[in-house]
2 protein chains.
Amino acid sequence: MESQYKVNSNGGIESGATATTRVANKRNIRGWDLVLRFSALALSLAAAVVLGVDKETTTVSMTLVPTLPAVNVPVTAKWHYLSAFVFFVVANAIACAHAAISLLLTLANRGGNKGIALMVVLFDLVMVALLFSGIGAALAIGLMGYEGNSHVQWKKVCNVFDKFCDQAAAAMALSGAASVAFFFGWCLPP
Amino acid sequence: MESQYKVNSNGGIESGATATTRVANKRNIRGWDLVLRFSALALSLAAAVVLGVDKETTTVSMTLVPTLPAVNVPVTAKWHYLSAFVFFVVANAIACAHAAISLLLTLANRGGNKGIALMVVLFDLVMVALLFSGIGAALAIGLMGYEGNSHVQWKKVCNVFDKFCDQAAAAMALSGAASVAFFFGWCLPP
């Protein structure tokens, strides 16, 4: 009769049922890890693309010469006009690349090499920091564009470029979701 | 004669020399953890205070009526005029409070309760995210104040409020160092 007891990695003895539960738990965690990594990849890619294609041209009424009537002048808003938005797109592109590489590494690392797992988790934390700084920067500039500030005499621009601002807000929400995915990916044990 | 072998937590047997090295390593890690937590506390507190007391009053030459000569008008810059700076100060105050509480918990948790240690490390990560978003927001607004942006017609203000901007930059550097301390605190095993 085959023994139902096995020797575990710590040199202890465990029943077949316990070992099966442990393996099932490990598979479950691995499944969640892959789902979170794929979500982070998709969300950060979407965030970078949504802001990266953000552009709006509209016309504003301007009085060029006081004695003449106001004329309609075309004005354009592009994402790369603001350095905070450039940083946001770059940060999300880096996070997306990390998510793709870590997804491949996690799939390849079936043997459970602790060194690779730890390196992936360490870079997950770097991505959390990078994405949050990108969101903070974009949100600060976006909020300034939405509300303006009388103290520094920076006028709001979102009343003119409403579609541009809505698209930027959507990109920030996507990036926020990506960083939450990285965060929960970190919470799972390697 | 007393045995030089001890039973470890995994049920295995180890020599007295190995056990001593392991205890010494654990003490070393605990020491580093306390040093990093204290550094994070001091740095985030310093960052919050340095920006929280940031205020500058200066005079600018303004032409109020075109036919009259320019007059010197006093203008004041305060940290709470900008919502990004308010967020930065609040984020650093929260991180400082967490550093103080986690320092006490780490000192009290000599028994090595894994639950408390994990909770502290989890909040460390939240603080990394919070501090980086605060730095991102403050840096985006600070850079805008330093350089201005012709596309949205936001003029630079740091040429007028130079001391104010320098103090804000110092606060950001302190907060950056605090977040690095939280980051490395996380890298240490619990």
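All of these numbers come straight from a predicted model, not from anything done at the bench.
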Could you point out which residue of B:Val49, B:Leu51, B:Asp54, B:Val53 forms a side chain to side chain contact (heavy atoms under 4.5 Å, CB included) with B:Val89? B:Leu51

Flag the one option from B:Ala137, B:Ser179, B:Ala140, B:Ser83 with the top tally of heavy-atom pairs under 4.5 Å to chain A. B:Ala137

What residue, out of A:Leu122, A:Leu143, A:Leu125, has the most heavy-atom pairs lying under 4.5 Å from chain B? A:Leu125

Measure A:Val126 against the heavy atoms of chain B and call it side chain, backbone, both or neither at under 4.5 Å. both

Check for a donor-acceptor pair, side chain of B:Ser175 on one end and backbone N or O of B:Ala171 on the other, with a separation under 3.5 Å. no

Considering only heavy atoms from C-beta outward, does the side chain of A:Asp162 approach that of A:Glu56 to under 4.5 Å? yes

Side chain / backbone / both / neither for B:Val152 at chain A, heavy atoms under 4.5 Å: both

Donor-acceptor pair, distance only, cut-off 3.5 Å: does the side chain of B:Lys163 make one with the backbone of B:Lys55? yes

Can you tell me if A:Tyr81 has over 12 outside heavy atoms packed within less than 6.0 Å of its OH? yes

Give me the ring orientation class for B:Trp154 and A:Trp154: parallel if the planes are under 30° apart, tilted from 30 to 60°, perpendicular past 60°. parallel

Take atom NZ of A:Lys155 as the centre, draw a 6.0 Å sphere, and report whether it contains more than 12 heavy atoms from other residues, nucleotides or ligands. no

Proximal component of B:Ile141, with respect to chain A [non-hydrogen, under 4.5 Å]: both

Proximity breakdown for B:Val75 and chain A, heavy-atom pairs closer than 4.5 Å: neither

For B:Leu139, is it the side chain, the backbone, both, or neither that has a heavy atom closer than 4.5 Å to a heavy atom of chain A? neither

Portion of A:Leu130 that has a non-hydrogen atom of chain B nearer than 4.5 angstrom: neither

With a 4.5 angstrom heavy-atom cut-off, which part of A:Leu131 approaches chain B: side chain, backbone, both or neither? neither

Full working for side-chain contact (heavy atoms from CB on, under 4.5 Å) between B:Arg37 and B:Asp33: CA-CA 6 Å; B:Arg37 275 183 201 286; B:Asp33 190 35; 3.3 Å; yes

Between A:Thr76, A:Ile135, A:Leu82, which residue shows the highest count of heavy-atom pairs closer than 4.5 Å to chain B? A:Leu82

Please classify the contact between B:Ala129 and chain A as side chain, backbone, both or neither, with a heavy-atom cut-off of under 4.5 Å. both

